[in-house]
2 protein chains.
Amino acid sequence: MAKYEEISNKVRERIYSGEYPIDSMIPDQNSLARAFGVSRMTIKKALDILAMEGLIYRQRGAGTFVTKTALRNERDSAVDEYDGLSTQMKGRKLVSKSIEFAVEFPTPLIQKKLMIEENEPVYKIVRQRSVDDDLLILEETYMPAKLVPGLSRKHAESSIYAYIKGELGLEFGGAFRQIHADKPKEYDLLYLNCREGDPVLEVEQVVYLKDGRPMEYSKSRNRFDTRSYNVIDIKKDN
Amino acid sequence: MAKYEEISNKVRERIYSGEYPIDSMIPDQNSLARAFGVSRMTIKKALDILAMEGLIYRQRGAGTFVTKTALRNERDSAVDEYDGLSTQMKGRKLVSKSIEFAVEFPTPLIQKKLMIEENEPVYKIVRQRSVDDDLLILEETYMPAKLVPGLSRKHAESSIYAYIKGELGLEFGGAFRQIHADKPKEYDLLYLNCREGDPVLEVEQVVYLKDGRPMEYSKSRNRFDTRSYNVIDIKKDN
DNA sequence: TAGTGGTCTAGACCACCCC
DNA sequence: GGGTGGTCTAGACCACTAA
């Protein structure tokens with residue numbers, strides 16, 4: 001582990017432990033550099049991480065301060081959907097029931113989202129997923145077959161992402177999501193166990209690999225009364 | 001402007017212009033350092049920015065490459081709600097009609113969200129907002145009176161954020177949001193002009209100042225068929 | 001004016017990829 | 001083995017804040 005990461009962890013610990021209390025000024029960068037026996041640039045880099053996390057803020061000419069920790073507790077709620085539900089719901093009971101598993105040619109919409117031609121086959125995976133036996137999610141996923149060779153119904157029932165990261169060694173770069181509210185469709189009544197007139201929360205996303213190739217287009221539908229989508233937004237400049 | 005910002009802008013321009021094509025390797029850091037007449041650390045910092053934007057990715061030992069530009073076009077859709085609707089909708093016709101403007105003591109929920117005591121008054125602002133005469137938004141906002149002295153109905157009808165940043169000189173640090181789908185309430189039928197049974201997309205958020213003090217708690221309700229919420233998520237490590 | 005954080009340098013060493 | 005990106009240093013200058 002790099003020095004700046006170690007220092008970053010230690011300082012974060014000091015904030016959590018109360019050694020650097022809320023609203024207080026922490027030691028200046030030169031003092032920290034001497035104390036940790038590193039150069040000031042390394043201290044700066046360590047503090048950059050904590051600033052990105054919203055734990056500290058800095059004022060040129062004044063000092064470095066611990067924020068009112070506002071964004072701290074909420075950090076745990078952060079969602080990285082490209083890690084897959086299996087990772088997110090660690091420690092909880094996740095069951096995925098595969099409703100459809102097929103290979104087909106992409107519709108124009110899918111072609112556009114996945115940036116592929118009409119003759120490149122895609123997997124179509126429809127799953128009903130449940131968390132702790134009650135939270136229901138209906139998920140429709142498309143992946144280019146070329147990118148994810150050897151995918152099977154078995155992976156769909158456990159964790160597709162574990163297969164992609166573990167077996168294929170692919171790395172994710174990010175995702176673009178749109179969250180909408182929608183009226184329930186026939187499928188929702190059936191698989192989400194919701195009533196006529198209940199709204200549905202839909203998360204539509206394209207997940208990209210590190211090099212920018214789209215790897216997944218999916219729509220995830222949730223009962224309005226069981227799930228919300230959380231976003232943490234930390235301003236960069238100023 | 002710092003050197004690394006200038007270089008970052010120039011390299012970004014080269015990518016957009018096609019001088020550094022999609023999927024290609026760009027010159028190595030030493031070459032760039034010589035070409036720009038700066039040290040390699042400065043080049044590194046410039047490239048860090050572009051990597052955060054999803055324009056390039058780097059492989060230790062191999063080189064720096066332009067991504068398949070996947071995340072590029074979508075960047076414009078990024079939403080920074082703490083800049084306020086007025087800033088977001090620049091160039092479009094935004095009208096805010098103030099339905100309620102009051103000062104009151106906070107409910108337990110508001111106390112918790114804004115991290116204040118029950119005896120600290122808050123502004124309550126309810127507004128019906130429209131964009132280009134058709135997109136309707138119903139917004140309920142609470143702000144600690146202490147933090148935003150002198151707020152008036154006039155600000156609520158134009159831009160509260162312009163007042164806070166411009167007049168008061170406060171700086172935002174970030175926000176925490178939850179997006180839900182909901183059934184329409186009586187208010188929605190009236191002010192969003194939606195029909196019975198139409199779902200509503202609600203964005204609930206707490207906006208924080210740079211030092212972590214909560215500055216706003218608000219709920220923004222939108223017709224399901226006119227608005228979605230967009231999130232761009234770029235992975236940091238790997 | 002003294003002290004703070006932001007930037008920048010010239011050089012060094014290392015881990016890693018590809019030939 | 002040669003080239004790549006990641007880290008780190010010791011010191012310097014600057015912009016800004018606060019007393």
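Quick caveat: nothing in here was measured; it's all calculated off a predicted structure. Note on naming: letters A, B, ... go to the chains in the order of the sequence lines (proteins, then strands), and numbering restarts at 1 for each one.
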Side-chain donor-acceptor pairs of residues 30-47 of chain A under 3.5 Å, sequence neighbours excluded:
| unit_1 | atom_1 | unit_2 | atom_2 | d |
| --- | --- | --- | --- | --- |
| A:Ser31 | OG | A:Asp28 | OD1 | 2.6 |
| A:Ser31 | OG | A:Asp28 | OD2 | 3.4 |
| A:Ser39 | OG | A:Thr42 | OG1 | 3.4 |
| A:Arg40 | NE | A:Gln29 | OE1 | 2.9 |
| A:Arg40 | NH2 | A:Gln29 | OE1 | 3.2 |
| A:Lys44 | NZ | A:Asp48 | OD1 | 3.4 |
| A:Lys44 | NZ | A:Asp48 | OD2 | 3.4 |

Exercise. Of all residues at least two apart in sequence or in a different chain, which pass the ring-ring contact (aromatic ring centres under 6.0 Å, His included) check with A:His180?
Worked result: none
Seminar exercise, completed: Sorted by chain and residue number, the ring-ring contact (aromatic ring centres under 6.0 Å, His included) partners of A:Tyr20 (sequence neighbours excluded) come out as none
Problem set entry | For the student: nearest non-hydrogen atoms of A:Lys124 and A:Val126, plus distance | CE-CG2, 3.9 Å
Exercise. Looking at residues at least two apart in the chain, or sitting in another chain, which of them share a salt bridge (charged side-chain N to carboxylate O under 4.0 Å, His left out) with A:Glu140?
Worked result: none
Exercise. Tell me: CD of B:Glu171 to C1' of D:dT17, nearest whole Å?
Worked result: 14 Å
Exercise. Would A:Tyr161 and A:Phe172 count as a close aromatic pair, with their ring centres under 6.0 Å?
Worked result: yes
Seminar exercise, completed: chain A reaches DNA chain C, atoms under 4.0 Å from its heavy atoms, from C:dG3 to C:dC8
Write down the protein N/O and nucleotide N/O pairs, taken from nucleotides 3-5 of chain D, whose separation is under 3.5 Å; answer none if there are no such pairs.
| unit_1 | atom_1 | unit_2 | atom_2 | d |
| --- | --- | --- | --- | --- |
| D:dG3 | N2 | B:Gly61 | O | 2.9 |
| D:dT4 | OP1 | B:Asp28 | OD1 | 3.2 |
| D:dT4 | O2 | B:Gly61 | N | 3.1 |
| D:dG5 | OP1 | B:Thr64 | OG1 | 3.0 |
| D:dG5 | OP2 | B:Gln29 | N | 2.9 |
| D:dG5 | N7 | B:Arg40 | NH2 | 3.4 |

Exercise. Will you find, in the side chains of A:Thr64 and A:Arg58, an N or O donor that is under 3.5 Å from an N or O acceptor?
Worked result: no
For this session: Before accepting this row, confirm whether a basic side-chain N of the pair B:Glu171/A:Lys235 lies closer than 4.0 Å to the acidic partner's carboxylate O.
Result: no
